2 protein chains.
Amino acid sequence: MMSGEDIRNAGLKVTLPRVKILALLEQSKQGHVSAEDVYKLLLDAGEEIGLATIYRVLTQFESAGLVTRHHFEGGQSVFELDRGEHHDHIVCIRCGRVEELFDQTIEDRQQEIAREKGFSVEAHALTIYGYCQAPGCRAS
Amino acid sequence: MMSGEDIRNAGLKVTLPRVKILALLEQSKQGHVSAEDVYKLLLDAGEEIGLATIYRVLTQFESAGLVTRHHFEGGQSVFELDRGEHHDHIVCIRCGRVEELFDQTIEDRQQEIAREKGFSVEAHALTIYGYCQAPGCRAS
DNA sequence: CAACAAATGAGAAGCTTTTGCATTCTGTTA
DNA sequence: TAACAGAATGCAAAAGCTTCTCATTTGTTG
């Protein structure tokens with residue numbers, strides 16, 4: 001459970017917008033939201049906030065390691081709370097649902113490959129795109 | 001070696017702009033170029049072409065399977081000629097150099113994971129980000 | 001080589017994201 | 001707890017990248 005403490009530890013002032021954004025990410029069921037999503041959800045909740053602030057804060061949270069940013073296809077970045085466990089994604093290209101995945105075999109092979117090629121690994125992004133079997137998927 | 005035939009087989013007219021773009025991708029050393037790159041390179045080569053055409057043609061080539069589009073971090077899409085062999089990428093976050101990689105173990109695991117989660121795999125994108133040891137890298 | 005559909009170029013427009021700046025808020029100090 | 005300095009916010013403008021519009025040009029086919 002994240003709180004104002006985490007914001008403070010990141011060297012940021014604990015402001016209302018930041019707390020609200022963090023809380024929203026915390027309770028977000030989908031897990032992966034765009035800046036626009038955050039904006040609309042907060043507006044719907046009756047909050048007053050500017051889109052520029054959302055972008056600024058999300059970027060700051062990212063630098064602080066509180067959230068992770070992903071560039072799925074479609075031009076828009078999506079953010080999710082960083083709970084400390086790295087994982088990759090599998091995205092349904094029909095309904096947009098995102099599931100998380102982690103596989104040690106893949107992780108290990110990446111390290112080996114990078115070493116072979118003389119790269120140090122700072123990060124990686126694996127995203128599988130396909131069709132899921134969720135009930136509501138076919139409809140959308 | 002690609003040619004006008006490939007363009008025609010894609011159901012597209014064999015026009016000057018398309019031939020030039022295909023030729024440029026063919027001879028491109030870097031392999032991964034943005035639409036802007038293609039535009040500037042063609043202008044430098046004395047060709048007359050519009051940026052809108054580049055985008056249109058690259059998108060058409062992508063649909064036709066002639067080129068592949070990648071969304072590395074940084075907002076810009078990069079394109080490369082599709083030579084029929086799927087591969088992933090390792091990108092240097094200091095100098096921007098891109099190397100290709102392919103690993104059957106990773107490919108297989110992805111299929112397994114997707115199956116376990118009830119997804120059919122249509123595509124995937126694995127990109128490793130790190131620092132390389134190329135001679136000119138540290139400098140940049 | 002005439003005729004038609006497709007393709008092009010130039011600029012406008014669309015989206016997402018960033019920036020500038022005046023105002024407001026936080027955290028700290030007295 | 002009042003006051004202050006610096007940080008943060010909101011708004012609007014601006015900046016990328018990409019797509020669209022439309023008049024003009026170019027391939028292709030008969």
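In this text the structure is predicted, and so the values were computed from the model without any measurement. Proteins get letters first, then strands, A, B, ... in listed order; numbering begins at 1 in each.
- The hydrophobic clustering, which links ILVMFWY residues whose side-chain heavy atoms are closer than 4.5 Å, places B:Val98 and A:Ile113 apart.
- The aromatic rings of B:Phe72 and B:His32 sit tilted relative to each other, their planes meeting at an angle between 30° and 60°.
- For DNA chain C, the neighbouring residues in residues 47-57 of chain A, judged by any heavy atom under 4.0 Å, are A:Leu51, A:Ala52, A:Tyr55, A:Arg56.
- The closest donor-acceptor contact from the side chain of B:Asp44 to the backbone of B:Leu41 lies at 3.5 Å or more, if one exists at all.
- Protein chain A touches strand DNA chain D; the 5'-most and 3'-most nucleotides with an atom under 4.0 angstrom of its non-hydrogen atoms are D:dG6 to D:dA12.
- Straight-line distance from the OH atom of A:Tyr39 to the P atom of C:dT17: 14 Å, rounded to whole Å.
- Rounded to whole angstrom, the span from the CZ atom of B:Arg18 across to the C1' atom of C:dG9 amounts to 14 Å.
- If you check every strand for non-hydrogen atoms under 4.0 Å, A:Ser77 touches sugar and phosphate atoms only.
- No continuous path of hydrophobic side-chain contacts links B:Val91 to B:Phe79 [ILVMFWY only; heavy atoms under 4.5 Å].
- Interatomic distance, B:Gln111 CD to B:Ile106 CD1, rounded to the nearest 0.5 Å: 13.5 Å.
- The CD1 atom of A:Ile7 sits 17 Å away from the P atom of C:dC25 (whole-angstrom rounding).
- Nucleotide C:dG27 holds its P atom 11 Å from the CG atom of A:Leu12, rounded to whole Å.
- With a 6.0 Å radius and a threshold of 12 heavy atoms from other residues, nucleotides or ligands, B:Glu116 has its CD atom above the threshold.
- Around CD of A:Glu48, the count of heavy atoms belonging to other residues, nucleotides or ligands within 6.0 Å does not exceed 12.
- Each of B:Arg8 and B:Thr59 was assigned the nucleotide of DNA chain D with the nearest heavy atom; the assignment lying further toward the 5' end belongs to B:Thr59.
- Relative orientation of the B:His86 and B:Phe102 rings is perpendicular, given thresholds of 30° and 60° on the angle between their planes.
- Counting to the nearest Å, the C1' atom of C:dT8 and the CG atom of B:Leu58 are 15 Å from each other.
- Judged by distance alone, with hydrogens and angles left aside, the side-chain atoms of A:Arg18 form a donor-acceptor pair with the main-chain N or O of A:Lys13 at under 3.5 Å.
- When the nearest nucleotides of DNA chain D are assigned to B:Gln76 and B:Leu16 by heavy-atom distance, the more 5′-ward of the two goes with B:Gln76.
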